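Below is one structure; the comments refer to it alone.
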Amino acid sequence: MRQYDHKKIESKWQKRWAKDGLYKTEEDQAKPKAYVLDMFPYPSGEGLHVGHPKGYIASDIYSRFKKMSGYNILHPMGWDAFGLPAENYAIKNKMHPKVAVEKNIARFKEQLEKLGLNYDWEREINTTDPAYYKWTQWIFLQLFKKGLAYESNEPINWCPSCKTGLAFEDLEGGKCERCGSDVEQRPIRQWVLKIREYADRLLEDLSELEWPEHIKESQRNWIGRSEGALLRFEVAGGSEQYIEVFTTRPDTLFGATYMVLAPEHSLVSDLQPKISNWNEVQKYKEEARKKTDLERMEERTKTGVELKGVRAVNPATKEEIPIWVADYVLAHYGTGAIMAVPAHDERDFAFAKKFGLPIQEVIEPVFTQSTEPGKVRDGLPFNHRDGIIAVVKHWSEDKYIALKWKKVAWGTFLTGSIDAGDGAEDTARKEIREETGYLNLKLLKNFGIVHGKFYHLPKQMNSFVHSSVFLFELEDDAHEEIAPEEKEKHDILWLTVDELRTFLTPDSHKHILELLCGEGVCAYAGDGILKNSPTFDGMPSEEAKWRITEFAHGEKRVDYKLRDWVFSRQRYWGEPIPIIHCAKCGTVPVPEKDLPVVLPEVTSYEPTGTGESPLAAISEWVRVACPKCGGEGKRETNTMPQWAGSSWYYLRFIDPQNDKALVDKKKEAYWSPIDLYEGGVEHATRHLIYARFWHKFLYDIGAVSYKEPFGRLKGVGLIYGEDGRKMSKRLGNVVNPDDVVAAYGADTFRIYEMFMGPFEESSMWNTKSIIGPRRFLEKVWRLEEKVSEKALHDQGIEILTHKTIKKVSADIGAFRFNTAVSTLMVFVNGLEGVEAVPLATYKILLVLLHPFAPHMTEELWHELGNNNFLYREAWPNFDEAKTKEGKITVVIQVNGKVRGELDISPEEEEYAVKEQALAHESIKKWTSGKEVKKVIYVHGKLVNIVAV
RNA sequence: GCCGGAGUGGUGGAAUGGUAUACACGCUCGACUUAAGAUCGAGUGCCGCAAGGCGUGUGGGUUCGAGUCCCACCUCCGGCACCA
């Protein structure tokens with residue numbers, strides 16, 4: 001018997017395919033297209049491990065499937081090779097970065113080519129190629145011309161080890177994401193891109209994208225939009241000095257009892273002459289400056305110093321309030337100053353508690369039940385009602401009365417309605433007596449009013465109850481008999497605080513429990529109804545926000561967590577920023593005709609650490625005539641960050657050789673947007689935001705025709721090492737795909753990676769399990785010997801074939817490769833069971849399997865006498881009618897338990913099936929002596945007999 | 001803390017509200033082999049001799065029927081985190 005020699009077969013077909021140009025992109029614009037893209041790799045010195053190809057294999061399978069289904073495919077590959085990792089690798093290995101990158105790319109490419117991927121290598125691009133980065137620079141120039149790129153000297157995050165400024169996105173928990181060093185704040189001249197101007201569009205357009213929810217959510221988090229108001233507080237004493245604050249809760253203005261400035265806030269120094277404890281303030285500022293962000297985050301206890309001698313005026317109450325400096329207020333968010341409302345903000349609350357500052361409540365909480373039971377029904381009006389909630393403490397134990405409702409699954413404190421004209425406290429006393437019988441009460445505390453919105457199940461209406469909340473203590477257990485109708489409503493339980501925590505159903509009652517534990521005060525940060533806010537009392541927060549903003553002469557304002565993109569690096573290995581500085585003309589863009597500004601060859605490319613890039617030392621490169629006045633100019637010596645080239649590369653693949661434009665408009669219109677983009681989810685907040693930003697900009701200047709670049713996105717799940725940890729050289733758990741390909745073949749490797757589990761979920765590498773896919777391929781190989789043109793095309797095989805086509809097609813389309821593989825395995829197992837396999841069926845198997853195992857299927861295909869490549873074969877269609885079995889087995893259940901089976905034809909009438917089921921031998925013993933209440937027939941599936 | 005996702009055999013994992021554990025790994029037994037490997041065949045959730053019972057993180061609920069829907073809780077993974 002001939003052997004399945006994967007080495008011979010794979011290298012043979014890889015050569016033939018390359019020679020033929022099989023994977024060259026077709027440009028026939030009359031045909032539908034599919035642009036399938038992998039996030040291009042960063043060619044590191046480590047080479048690929050088995051985790052990397054997972055995504056490439058998936059996109060390969062998907063694009064082959066689309067190609068065979070009649071689409072023009074664009075499935076390219078390239079290299080993202082500028083940036084810190086490549087440069088650091090080069091420095092470490094004492095090589096020029098260019099040489100290191102070339103070497104790494106060659107290694108990556110060699111590894112990829114062994115996998116039989118259908119990339120069109122004629123479109124290969126490399127971000128470090130001047131012909132490519134010419135256009136990266138061109139985009140920068142357009143940004144500059146539109147005022148979206150500007151120079152700034154603000155302090156930025158500086159990595160002392162990488163010796164460069166970083167963007168906020170490049171930090172991970174206050175450390176440099178690349179090297180793990182603590183970053184410092186350092187004022188450096190830098191280029192910044194106004195990504196914030198696109199924040200709203202980046203946020204809004206997310207909704208129309210077919211992306212994994214968690215990636216969209218990450219982007220929403222990252223953009224961090226919040227709507228609020230800008231309010232001005234005057235510094236007391238008629239100095240005409242103001243403190244501006246940004247707040248999302250202007251409705252709580254009457255509760256602002258002090259203010260806080262960030263230590264870096266300029267007003268702190270401006271106020272110095274008035275501050276009586278300047279030494280103390282100065283010392284605090286100094287300490288705060290030294291603290292890294294990490295330290296700030298770790299020590300959560302709040303610190304701060306009051307600015308003695310100055311006070312601010314609350315514009316609503318006109319009262320003078322103290323001003324503090326504290327590092328819990330961040331300089332770079334909002335205005336770097338806040339109005340503190342300790343009653344309704346947890347941070348302010350903690351601070352006020354620590355320093356004994358006044359706490360003024362201005363919001364009565366409103367709780368809207370959002371979970372069952374009692375979830376508010378949308379669209380129904382609310383029935384308003386005044387009521388009481390009474391917390392009743394035991395006379396000797398630490399227990400409280402709780403009601404377990406009998407008609408609904410509720411647990412509450414004691415509640416009741418206030419009749420018109422009655423007082424709240426009297427009602428509470430009356431209710432306690434009626435519902436519990438207890439006689440001797442002592443009022444301990446009045447917690448004010450809590451509002452609750454919920455669906456009243458017994459009354460079947462939405463209820464909005466405004467409850468006065470009281471805490472009573474029983475003096476003794478003297479009590480009288482309760483009326484029987486009260487007993488029917490609920491059971492009375494004595495519960496401890498811990499028990500109450502899980503017992504209470506409504507959110508409003510849970511909140512009261514917190515009041516009980518926290519000495520009657522806690523920060524309630526939700527929306528509610530205003531109190532202690534003259535003329536606004538009784539108004540809902542939502543409305544009060546804008547009314548109070550107006551009242552205090554503030555203005556509506558939107559703010560974002562997203563910072564503008566710090567775009568310059570003080571490093572060598574990046575695209576030079578195409579700007580010339582001229583003493584006379586200022587900042588002048590390099591004329592487009594002079595692009596690219598080529599990165600000069602240098603002998604020393606190590607970072608300087610001075611805030612200037614190594615390029616600054618090459619005077620012959622730096623010195624240049626000013627394009628405007630012809631006078632003496634100097635080139636910008638900062639370079640672009642790693643993320644520049646990858647922010648538009650997908651456009652270049654469409655038209656990689658074009659030297660007139662970054663992409664031809666017609667071609668762009670045909671291939672855009674990307675139909676399937678696939679890669680690591682770690683790019684959620686950098687690459688995927690930056691690229692969307694640039695794309696929207698290019699759309700605005702008319703360079704591209706779609707608002708969004710990536711319509712559908714799939715995030716590839718990681719492959720962990722066999723020890724369950726991330727693969728890394730250091731841990732010694734790296735598996736090299738070359739070894740797996742050598743031992744089992746690329747086809748087996750491809751199938752194994754797809755079969756491991758759901759594509760988007762992470763999984764653990766398990767060398768033991770690879771044998772499964774290998775055995776599967778060997779079965780297919782051996783099956784050829786059973787192929788016969790004369791074989792009977794029996795109905796069983798036909799149904800199996802059509803079912804398989806249907807399921808495999810749907811699964812590949814939905815990126816469910818694991819179940820697609822298992823379907824093919826079922827198919828092969830089925831064919832193994834027959835005497836002879838019809839040739840037509842075997843051909844279908846080869847076509848369906850081809851995207852997964854291109855080499856082996858190609859070999860078998862040619863052995864069968866075919867001379868064309870399988871890649872050019874059409875994907876088979878299925879006939880829905882032929883996916884249905886002629887005879888089906890229906891399960892008979894008695895009371896939901898399987899007790900027998902019935903073979904019927906699918907056309908059988910319902911009553912006939914039921915009759916047969918009831919008469920079935922193995923069923924009788926379960927129904928005898930019982931009354932058959934009901935028989936349910938689920939067509940073609942089961943019969944359920946309900947018998948009691 | 002907030003948001004997002006997930007908990008199913010010894011293992012990886014399947015299941016439009018309708019036979020839970022497809023497919024695969026592993027394991028057991030048998031065949032072929034001097035032997036090992038490969039291959040082929042049979043078996044493999046748990047308890048029980050059996051009849052049968054119990055089983056999808058835990059506890060409730062809806063339903064003729066729940067891994068799937070609802071509620072509460074627990075655990076794990078990911079994002080954000082003093083963002084006003």
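Note on naming: letters A, B, ... go to the chains in the order of the sequence lines (proteins, then strands), and numbering restarts at 1 for each one. Remember, it's a predicted structure, so these values are computed and weren't measured experimentally.
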Are there any protein N/O atoms within less than 3.5 Å of an N/O atom in nucleotides 2-5 of chain B, and if so, which ones and at what distance?
from: B:rC3; atom 1: O2'; to: A:E217; atom 2: OE2; distance (Å): 3.0

Short heteroatom pairs, N/O only, protein and nucleotides 21-31 of chain B, under 3.5 Å:
from: B:rA24; atom 1: OP1; to: A:N829; atom 2: ND2; distance (Å): 3.1
from: B:rC25; atom 1: OP1; to: A:R775; atom 2: NH1; distance (Å): 2.6
from: B:rG26; atom 1: OP2; to: A:R775; atom 2: NH1; distance (Å): 3.4

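Picking from B:rA51, B:rU19, B:rC82 the nucleotide with the shortest atom distance to the side chain of A:V891 gives B:rU19. Distances were taken from every side-chain heavy atom of A:T247 (C-beta onward) to each of B:rA84, B:rC80, B:rG52; the shortest belongs to B:rA84. Here B:rU39 is the nucleotide among B:rC82, B:rG18, B:rU39 with the atom lying nearest to any side-chain atom of A:R782.
A:R816 comes within 4.0 angstrom of nothing in the nucleic acid, heavy atoms only. Note on A:K807: nothing from the nucleic acid sits closer than 4.0 angstrom, heavy atoms only. Within 4.0 Å (heavy atoms only), A:K510 reaches no atom of the nucleic acid at all.
Base pairing annotation: B:rA42 forms a Watson-Crick or G-U wobble pair with B:rU28, both donor-acceptor distances under 3.5 Å.
Syn is the glycosidic conformation of B:rG9, whose angle stays within 90° of 0.
Within the 4.5 Å cutoff, no side-chain heavy atoms of A:R249 are placed close to those of A:V341.
A:N766 is linked by a side-chain hydrogen bond (donor to acceptor under 3.5 Å, both in side chains) to A:S769, counting only residues two or more places apart in sequence or in another chain.
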